[in-house]
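In listed order, ligands and their atoms are each counted from 1.
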Amino acid sequence: MENQKKRIFSGIQPSGDLTLGSYMGAIKNWVALQDEYECLYCIVDMHAITVRQNPAEMRRRTIEQLAQYIACGLDPQKNIMFIQSHVPQHAELGWILGCYTQFGELSRMTQFKDKSAKHKDNITAGLFTYPVLMAADILLYQADLVPVGADQKQHVELCRDIAKRFNSVYSETFVLPDPFIPKMGARVMSLANPENKMSKSDPDGCIYLMDKPEDVMRKFKRAVTDSEMAVKFDKENKPGISNLLTIYCTATGKTMEEAEAQFAGQGYGVFKPAVGEAVVELMRPIREEAQRLLADKAYLEGVYREGAQHAQYLANKTLSKVQRKIGFVGR
Ligand code: ATP
Ligand code: LTN
């Protein structure tokens, strides 16, 4: 990490199995950017516990998620891959940054509003301060770029505001990060309910990266569309078809014009299975490689242990600078 490359940080919560949404919105771009940047890719288990998790399931998913990161094409030799809770500096900086974040700012976060509406019986302080921990994740590593889906843009903007505020009080300390949001695939919608984002904690209409081909095909054949016949991109009036077209283009690399031309005059009965097949082919090598990697737990353990060590080294540099600036006595 001693060269001049710009830095990337991103993470995904082990709150459910990885989905086609997290692949197209985030991981696909992580893979594309891994040569150009120094990258840290994290499994953010501390974020996941902001809503109740089953402990055994979360442990399983955390390891599987690492295997899936690698299977998607992230090279452990090139990238630092680690588990958030293995680097306690995240929590320490998170506390400090919380003292530079306004209650009002956190109250305006749409993810908090959505999730607190969904988990009415468990609206914890952790759910509320979630974006502060996310800011700590990013700022600890002085990341320049944060590749995420569109839903996370607001959190990255808040992170920037917190960093600016801290810098203006104590002099230049943090790099201001930019979100990196893909032009296509930034917001994959649910197949069952195309008005909603495809979300791993909402199994209805969700494609999981590890789904078997027959399940993927079944979900695509059942995807909610409309009562017309035309395979045309029109987000307002044809949200289901527009979502399927976006998935098809992202999976195959075709442009929207090419896809529309390919399916012109054909019914949904031809189009839907074609999208399913494109996704099956996209996911097949990922699923097979993830299964192969999962058979070698010692290898995966080596990757996350080494990742945490490397991450701690980098995190400590920022954390000690911050502690000194705010007036903590050195240890
Ligand atoms: P949860 O339902 O537990 O909140 P999630 O399915 O929304 O989880 P996250 O872990 O929050 O997934 O997101 C992982 C990454 O994938 C983030 O960068 C997020 O923006 C992106 N992402 C998640 N869902 C989608 C989607 N449907 N379309 C595009 N990007 C997505
Ligand atoms: N909030 C993100 C996950 C996340 C993240 C991060 C993403 C936690 N910390 C730092 C980018 C950078 C989400 O996807 N729900």
Side-chain angles (χ1 to χ4, degrees), residues 7-30 33 39-53 57-58 61-62 65 68-69 72 82-85 87 90-91 93-94 97 109-112 114-116 118-119 126-127 129-141 143-160 162-163 177-209 243 246-247 250 311:
R7 205 172 272 169
I8 280 183
F9 183 96
S10 196
I12 298 183
Q13 315 174 68
S15 53
D17 297 321
L18 289 182
T19 72
L20 191 62
S22 36
Y23 178 77
M24 293 187 159
I27 303 173
K28 186 170 187 275
N29 303 302
W30 300 2
L33 295 164
C39 307
L40 294 110
Y41 294 124
C42 190
I43 299 167
V44 290
D45 52 352
M46 284 153 63
H47 277 104
I49 60 163
T50 54
V51 304
R52 194 81 77 227
Q53 302 293 340
E57 287 267 297
M58 190 165 79
R61 277 198 231 109
T62 302
Q65 194 165 310
Q68 290 170 32
Y69 280 5
C72 285
F82 69 103
I83 299 169
Q84 187 186 32
S85 62
V87 181
H90 290 243
L93 184 64
L97 295 181
M109 294 293 117
T110 47
Q111 183 177 296
F112 172 71
D114 292 349
K115 290 208 174 175
S116 52
K118 227 162 103 186
H119 302 274
L127 189 65
T129 58
Y130 175 116
V132 179
L133 180 60
M134 178 162 162
D137 297 342
I138 298 167
L139 299 179
L140 256 186
Y141 303 100
D144 300 279
L145 204 64
V146 184
V148 283
D151 63 308
Q152 295 302 312
K153 184 162 180 262
Q154 195 184 31
H155 287 162
V156 181
E157 282 165 354
L158 175 65
C159 168
R160 247 184 109 86
I162 298 171
D178 283 309
F180 177 97
I181 293 159
K183 286 202 181 68
M184 206 179 286
R187 196 170 166 80
V188 177
M189 309 308 277
S190 157
L191 300 188
N193 200 339
E195 313 284 329
N196 294 340
K197 187 188 83 140
M198 182 184 283
S199 165
K200 59 173 130 68
S201 47
D202 186 10
D204 223 23
C206 181
I207 302 284
Y208 295 100
L209 282 188
N243 186 40
T246 305
I247 293 173
T250 313

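Near Gly149, meaning under 4.0 Å from any of its heavy atoms, are these atoms of ligand 1: 18 (O), 19 (C), 20 (O), 21 (C), 30 (N). Atom numbering of ligand 1 starts at 1 in the shown order; those under 4.0 Å from a heavy atom of Gly185 are 29 (C). The ligand atoms of ligand 1 that sit less than 4.0 angstrom from a heavy atom of Met198 are 24 (N), 25 (C), 26 (C), 27 (N). Near Lys115, the atoms of ligand 1 lying under 4.0 angstrom from a non-hydrogen atom of the residue are 1 (P), 3 (O), 4 (O). Listed by number with element, the atoms of ligand 1 under 4.0 angstrom from any heavy atom of Lys197 are 5 (P), 7 (O), 23 (C), 24 (N), 26 (C), 27 (N). Atoms of ligand 1 found under 4.0 Å from any heavy atom of Arg187, numbered from 1 in the order shown, are 28 (N), 29 (C).
Proximity of Met189 to ligand 1 is not established, as no heavy-atom distance is less than 4.0 Å. For the pair Thr19 and ligand 1, no heavy-atom separation below 4.0 Å is found. Not a single heavy atom of Ala48 sits closer than 4.0 Å to an atom of ligand 1. Under the 4.0 angstrom criterion for non-hydrogen atoms, Gln13 is in contact with ligand 1. Under the 4.0 angstrom criterion for non-hydrogen atoms, Ala186 is in contact with ligand 1.
Listed by chain and number, the residues in a side chain to side chain donor-acceptor pair (under 3.5 Å) with Gln84 are His47, Asp137 (sequence neighbours excluded).
Side-chain contact check for Tyr130 versus His155: some heavy-atom pair is nearer than 4.5 Å. Tyr69 has its side chain within reach of Ile43: a pair of non-hydrogen atoms, C-beta onward, lies under 4.5 Å apart. Here the side chains of Val188 and Asn243 are in contact, with some heavy-atom distance below 4.5 Å. Proximity of Arg160 to Ile162: side-chain heavy atoms (C-beta onward) are nowhere separated by under 4.5 Å. Within the 4.5 Å cutoff, the side chain of Leu209 has heavy atoms near those of the Cys72 side chain.
Any N or O atom pair closer than 3.5 Å counts here, and Lys200 shares at least one such pair with ligand 1. For ligand 1, one of its N or O atoms has an N or O atom of Val188 under 3.5 Å away. The N/O atoms of Ser15, backbone and side chain alike, include one that comes under 3.5 Å of an N/O atom in ligand 1. Of the polar atoms of Ala26, none of the N or O atoms is found under 3.5 Å from an N or O of ligand 1, judged by distance alone. Below 3.5 Å of separation, one finds no N or O of Gly11 facing any N or O of ligand 1.
Here Ser199 contributes atom OG and Asp151 contributes atom CG; the two are 8.5 Å apart, rounded to the nearest 0.5 Å.
The two atoms that bring Ile181 and Ala186 nearest to each other are CG2-CB, 3.5 Å, heavy atoms only. Nearest approach of Asp178 to Val156, heavy atoms of both residues: C-CG1, 4.2 Å. Looking at every heavy atom in both residues, Gln13 comes nearest to Ala48 through OE1-CA, 3.6 Å. Across all their heavy atoms, Ser15 and Arg61 have their closest contact at C-NH1, 3.4 Å.
Ligand 2 lies under 4.0 Å from heavy atoms of Phe9, Ser10, Gly11, Gln13, Val44, His47, Gln111, Tyr130, Met134, Asp137, Ile138, Val146, Val148, Gln152.
Exactly one residue among Ile27, Val148, Val44 makes a side-chain contact (heavy atoms from CB on, under 4.5 Å) with Ile12. That residue is Ile27. With Pro14 as the partner, the side-chain contact (heavy atoms from CB on, under 4.5 Å) test is satisfied by one option alone out of Lys200, Gln65, Glu57: Gln65.
Around atom NZ of Lys153, no more than 12 heavy atoms belonging to other residues, nucleotides or ligands sit under 6.0 Å away.
Counting only heavy atoms of the protein, atom 30 (N) of ligand 1 lies nearest to Gly21 O, 3.2 Å. The single protein non-hydrogen atom nearest to atom 1 (P) of ligand 1 is Ser201 OG, 3.4 Å, given as residue, atom name and distance.
Of the candidates Val156, Ile12, Asn29, Asn243, Ile12 brings a heavy atom nearest to atom 13 (O) of ligand 1. Among Asp151, Asn196, Val148, the residue whose heavy atom sits closest to atom 20 (O) of ligand 1 is Asp151.
With no hydrogens or angles considered, no side-chain donor-acceptor pair links Asn196 and Ser190 at under 3.5 Å.
The aromatic rings of Tyr41 and Trp30 sit parallel to each other, their planes meeting at less than 30°, with 60° as the upper class boundary.
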